[in-house]
Novice: 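I'd like to ask you about the structure that follows.
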Amino acid sequence: MNILIAGGNGFIGSHTYISLRERFPEAQLVIVDNLVNSTHKTLESLRKMTGENILFYEIDLCDEQALAALFRGYQFDGVIHFAGYKAVGESVVNPLKYYTNNLNSTLHLVKYCLEYDVNKFVFSSSATVYGDGVSPLMESDALLPASNPYGQTKAMCEQILIDTARANPEFSVALLRYFNPVGAHESGLIGEAANGMPNNLMPYIAKVAKGELPILNIFGGDYPTEDGTGIRDYIHVMDLAEGHAAALERLSSGVCIYNLGSSKGTSVLQLVKAFEEVNGVKVPYQIVERRPGDLAIIYADASKAEKELNWKAKRTIKEMCQDAWRFEKHDVLI
Ligand code: NAD
Ligand code: UDP
């Protein structure tokens, strides 16, 4: 089996490489990535972790000619598509950048899948497509308007893939709606190594614990939750990665949609306290104004994935905090 992992050098893609290798030891795995939000260091780590030469192509998915040559060179059986921009705030300031990259990369991949008879497609979607829907969120819930262009690109890509599958019955699609992926591989060799300032909570906590950032701003202490801070569904990135391997294995026809989350809510303060406790560090914080666009409570009902994919998030908040910290510290050690 030949699998193309688009955006496979990024946070979730690199962990998925490890899960795919474990589940499909004989498969040929090919990574394509333009390194806009990742570096060669991740490839070196993957090499170290697997002991194999990583098949990597530095290609921008917006470059149709380069992509066509790649599809000509391999007869892929499936594509897992992680590539895209993901910073919500930046998408509000620069929407065209997001529409151009996230839509074109998807359109080009789908076009060559159809041209070269690649019939399995797994797409990185997001809980953001549920807009301000009420949790627990289920796959059958209505998609509500996303509050930012990033979320809008996810909903649009989902629609492109649904329409394509409808018109091409041999083309099967899994839309995986992620909740809040955090943590890192337990080796500490790969993790969330974004370029620049972290936007998300866990990497921000880790940078504050390390002393690289002075204080964590907690956005809002007056939400209608037990401790007043926002509640999210954190999922360990290795659990998420395993969800992709399970979805690819089970994919047979049509469009399948799955929430990948833990089905549990954790508040910002609970996450900060857990991080401090399990790692024996201090995370100075202050409560500030709510962040515009944030909802009070978001968590999944992930029972469909459990039933149909035989997949369930198993790792605990404690493991998420330990692994995120191990990866953060590892950067200092090497
Ligand atoms: P990431 O930025 O770490 O990985 C994306 C990878 O795609 C990067 O290595 C980047 O260099 C590459 N890339 C971007 N545009 C490209 C292009 N045009 N051509 C080739 N490569 C390109 O992001 P991630 O956290 O691993 O997220 C993966 C996917 O999951 C994204 O589509 C993201 O929107 C989605 N998602 C992420 C989260 C999250 O919290 N991390 C939540 C929901 C959905
Ligand atoms: N958050 C916070 N401070 C930060 C980053 C995030 O208080 O520096 C909160 C945010 O308001 C939300 C939760 O942490 O309640 C998760 O935010 P994140 O940006 O990680 O993911 P989101 O759920 O917005 O996709």
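Hydrogens, waters and symmetry mates are skipped; everything else that's a heavy atom, side chains included, is used. Whatever order the structure lists ligands and atoms in, that order sets their numbers, starting from 1.
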Novice: Should one rank Tyr150, Tyr178, Tyr98 by closest heavy-atom distance to atom 33 (C) of ligand 1, which comes out on top?
Specialist: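 It is Tyr150 whose heavy atom sits nearest to atom 33 (C) of ligand 1.
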Novice: Specify the protein heavy atom at minimum distance from atom 17 (C) of ligand 1: its residue, its atom name, and the distance to 0.1 Å.
Specialist: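 Closest protein heavy atom to atom 17 (C) of ligand 1: Asn34 ND2, 3.4 Å.
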Novice: Keeping the roles fixed (side chain from Arg21, backbone from Ala27), state whether a donor-acceptor pair exists under 3.5 Å.
Specialist: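 The answer is yes, because a donor-acceptor pair under 3.5 Å joins these two groups.
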Novice: Any idea which atoms of ligand 1 are less than 4.0 Å away from a heavy-atom of Val36?
Specialist: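 Taking each heavy atom of Val36 in turn, ligand 1 has 10 (C), 11 (O), 13 (N), 14 (C), 15 (N) under 4.0 Å.
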Novice: Using a strict 4.0 Å cut-off to heavy atoms of Ala83, name the atoms of ligand 1 that fall inside it.
Specialist: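 The atoms of ligand 1 under 4.0 Å from a heavy atom of Ala83 are 7 (O), 13 (N), 16 (C), 21 (N), 22 (C).
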Novice: Atoms of ligand 1 less than 4.0 Å from Gly7 heavy atoms?
Specialist: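 Under 4.0 Å from Gly7, ligand 1 has these atoms: 6 (C), 7 (O).
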Novice: For atom 3 (O) of ligand 1, what's the nearest protein heavy-atom neighbour? Residue, atom name and distance, please.
Specialist: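 That would be Phe11 N, 2.9 Å.
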Novice: Using atom types as modelled and distance alone, determine if a side-chain donor or acceptor of His108 lies under 3.5 Å from a backbone N or O of Leu61.
Specialist: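 Between the backbone of Leu61 and the side chain of His108 there is a qualifying donor-acceptor contact (under 3.5 Å).
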Novice: Is ligand 2 under 4.0 Å from a heavy atom in the side chain of Leu201, in the backbone, in both, or in neither?
Specialist: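 Both the backbone and the side chain of Leu201 come within reach of ligand 2.
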Novice: Give the numbers and elements of all ligand 2 atoms closer than 4.0 Å to a heavy atom of Ile218.
Specialist: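 Once the distances to Ile218 are compared, the set is 7 (O).
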Novice: Does Lys86 pair with Glu192 as a salt bridge, N-O distance under 4.0 Å?
Specialist: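 Between Glu192 and Lys86 there is a salt bridge, with a charged N closer than 4.0 Å to a carboxylate O.
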Novice: Starting from atom 3 (N) of ligand 2, which protein heavy atom do you reach first, and at what distance in Å?
Specialist: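 Going by distance alone, atom 3 (N) of ligand 2 is nearest to Asn217 O, 2.7 Å.
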Novice: Mark yes when over 12 heavy atoms from residues, nucleotides or ligands other than Glu52 sit less than 6.0 Å from its CD; otherwise mark no.
Specialist: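 More than 12 heavy atoms, drawn from other residues, nucleotides or ligands, come within 6.0 Å of this atom.
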Novice: Nearest to atom 19 (N) of ligand 1, what protein heavy atom do you find, and at what distance?
Specialist: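 For this ligand atom, the closest protein heavy atom is Leu61 N, 3.0 Å.
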Novice: Where do Glu139 and Ile257 come nearest, in terms of heavy atoms and distance?
Specialist: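 Where Glu139 meets Ile257 most closely, the heavy atoms are CG-O, 3.4 Å.
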Novice: Mark up the atoms of ligand 1 that fall under 4.0 Å of a heavy atom belonging to Asp60, in ascending order.
Specialist: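 With Asp60 as reference, the close atoms of ligand 1 come out as 17 (C), 18 (N), 19 (N).
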Novice: Set out, in order, the CA-CA distance, both residues' side-chain angles and the distance that settles ring pair (Phe, Tyr, Trp, His ring centres under 6.0 Å) for Phe71 and Phe76, then state yes or no.
Specialist: CA-CA 7 Å; Phe71 273 78; Phe76 294 118; 5.4 Å; yes
Novice: With a cut-off of 4.0 Å, which atoms of ligand 1 are near a heavy atom of Ser126?
Specialist: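 Listed by number with element: 43 (C), 44 (C).
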Novice: May I ask you to list the atoms of ligand 1 that are less than 4.0 angstrom from any heavy atom of Leu35?
Specialist: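 Near Leu35, meaning under 4.0 Å from one of its heavy atoms, ligand 1 has 11 (O).
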Novice: Tell me the protein heavy atom at minimum distance from atom 18 (N) of ligand 1, and give that distance in Å.
Specialist: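 Looking at atom 18 (N) of ligand 1, the protein heavy atom closest to it is Asn101 OD1, 2.7 Å.
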Novice: With a 3.5 Å cut-off and no angle check, do the side chains of Asn94 and Tyr85 form a donor-acceptor pair?
Specialist: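 Short answer, no.
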Novice: Using side-chain heavy atoms (C-beta onward) and a distance below 4.5 Å, is Leu20 in contact with Leu248?
Specialist: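 Yes, at least one pair of side-chain atoms sits under 4.5 Å.
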Novice: For ligand 1, does Ile59 get within less than 4.0 Å through its side chain, its backbone, both, or neither, judged by non-hydrogen atoms?
Specialist: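 Backbone only.
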Novice: Number the atoms of ligand 1 from 1 as they appear, then name those within less than 4.0 Å of a heavy atom of Ser38, with their elements.
Specialist: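 Selected atoms, number and element: 8 (C), 9 (O), 11 (O).
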Novice: Should one rank His81, Lys154, Glu192 by closest heavy-atom distance to atom 32 (O) of ligand 1, which comes out on top?
Specialist: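 Minimum heavy-atom distance to atom 32 (O) of ligand 1 goes to Lys154.
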Novice: Does Asn199 approach ligand 2 within less than 4.0 angstrom via side chain, backbone, both or neither, non-hydrogen atoms only?
Specialist: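 Backbone only; the side chain of Asn199 stays clear of ligand 2.
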Novice: How about Ser105 and His81: do any of their side-chain heavy atoms sit closer than 4.5 Å?
Specialist: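 Of all side-chain heavy-atom pairs linking His81 with Ser105, at least one is under 4.5 Å.
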Novice: To which protein heavy atom is atom 2 (O) of ligand 1 closest, and what is the distance rounded to 0.1 Å?
Specialist: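 Going by distance alone, atom 2 (O) of ligand 1 is nearest to Asn37 ND2, 2.7 Å.
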Novice: Where is the nearest protein heavy atom to atom 18 (P) of ligand 2: which residue, which atom, and how far?
Specialist: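 Ranking protein heavy atoms by distance from atom 18 (P) of ligand 2, first comes Asn200 ND2, 3.5 Å.
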Novice: Taking side chain as C-beta onward, heavy atoms only, is Ile18 less than 4.5 Å from Thr50?
Specialist: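 Sidechains of Thr50 and Ile18: in contact.
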Novice: Nearest 0.5 angstrom please: His244 NE2 to Phe82 CZ, how far?
Specialist: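 If I round to the nearest 0.5 Å, the distance is 4.0 Å.
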Novice: Provide, to 0.1 Å, the distance between atom 28 (C) of ligand 1 and the closest protein heavy atom, together with that atom's residue and name.
Specialist: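 Result for atom 28 (C) of ligand 1: Phe82 O, 3.4 Å.
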Novice: What part of Val268, side chain from CB on, backbone N/CA/C/O, both or neither, has a heavy atom under 4.0 Å from ligand 2?
Specialist: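 Answer for Val268: side chain.
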Novice: Considering only non-hydrogen protein atoms, determine which one is nearest to atom 25 (O) of ligand 2 and report residue, atom name and distance to 0.1 Å.
Specialist: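 For atom 25 (O) of ligand 2, the nearest protein heavy atom comes out as Asn180 ND2, 3.9 Å.
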Novice: Using only heavy-atom distances, determine whether the side chains of Asn34 and Glu58 contain a donor-acceptor pair under 3.5 Å.
Specialist: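 There is no such pair (donor and acceptor under 3.5 Å, judged by atom type) between the side chains of Asn34 and Glu58.
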Novice: Check whether the side chains of Ser262 and Tyr234 place a donor and an acceptor atom closer than 3.5 Å, and report yes or no.
Specialist: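 Absent: no donor and acceptor within the cut-off.
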Novice: One pair to check against side chain to side chain contact (heavy atoms under 4.5 Å, CB included): Ile31 and Leu43. What are the steps and the verdict?
Specialist: CA-CA 9 Å; Ile31 293 181; Leu43 291 170; 4.3 Å; yes
Novice: What protein heavy atom sits nearest atom 10 (C) of ligand 2, and how far off is it?
Specialist: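 Its nearest protein heavy-atom neighbour is Asp294 OD2, 3.4 Å.
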Novice: Which of the listed options, Tyr204, Tyr234, Phe219, Tyr150, holds the heavy atom that is closest to atom 5 (C) of ligand 2?
Specialist: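 The nearest heavy atom belongs to Phe219.
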Novice: Who's the nearest protein heavy-atom neighbour of atom 19 (O) of ligand 2, and how far?
Specialist: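 Protein heavy atom with the smallest distance to atom 19 (O) of ligand 2: Arg291 NH2, 2.9 Å.
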Novice: Which protein non-hydrogen atom lies closest to atom 37 (C) of ligand 1, naming both residue and atom, and how far is it?
Specialist: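 Going by distance alone, atom 37 (C) of ligand 1 is nearest to Ile12 CD1, 3.8 Å.
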Novice: I need the nearest protein heavy-atom contact for atom 4 (O) of ligand 1: residue, atom name and distance, please.
Specialist: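 Of the protein heavy atoms, Gly10 CA, 3.4 Å lies nearest.
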Novice: Could you list the atoms of ligand 1 found under 4.0 angstrom from a heavy atom of Ser124?
Specialist: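 Counting from 1, the qualifying ligand atoms are 29 (C), 30 (O), 32 (O), 35 (C).
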Novice: What is the closest protein heavy atom to atom 23 (O) of ligand 2, and at what distance does it sit?
Specialist: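 Nearest protein contact, heavy atoms only, for atom 23 (O) of ligand 2 is Arg232 NE, 2.7 Å.
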Novice: If we only consider heavy atoms of Tyr178, is any one of them less than 4.0 Å away from an atom in ligand 2?
Specialist: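 False for this residue.
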Novice: Looking just at side-chain N and O atoms, do Tyr150 and Glu90 make a donor-acceptor pair shorter than 3.5 Å?
Specialist: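 Side chains of Tyr150 and Glu90: no pair found under 3.5 Å.
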Novice: Just let me know how Ser125 lines up against ligand 1, side chain, backbone, both or neither, with a heavy-atom cut-off below 4.0 Å.
Specialist: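 Backbone only.
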Novice: Of Lys86, His108, Met202, which has the heavy atom at the shortest distance from atom 41 (N) of ligand 1?
Specialist: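 Checking each option, the heavy atom nearest atom 41 (N) of ligand 1 is found in Lys86.
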Novice: Looking at Gln28, I'd like to know if its CD atom is crowded, meaning that more than 12 non-hydrogen atoms belonging to other residues, nucleotides or ligands lie closer than 6.0 Å.
Specialist: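 Yes, because the 6.0 Å sphere around CD of Gln28 holds more than 12 heavy atoms from other groups.
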Novice: Do any N or O atoms from the side chain of Lys154 and from the backbone of Ser124 form a donor-acceptor pair under 3.5 angstrom?
Specialist: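 Checked: pair present.
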Novice: Pairing donors with acceptors under 3.5 angstrom, does anything connect the side chains of Glu306 and Ser303?
Specialist: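 No.
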Novice: Could you check whether any side-chain N or O of Glu276 sits under 3.5 Å from a backbone N or O of Lys273, counting only pairs where one atom can act as donor and the other as acceptor?
Specialist: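 Side chain of Glu276 to backbone of Lys273: no pair is present.
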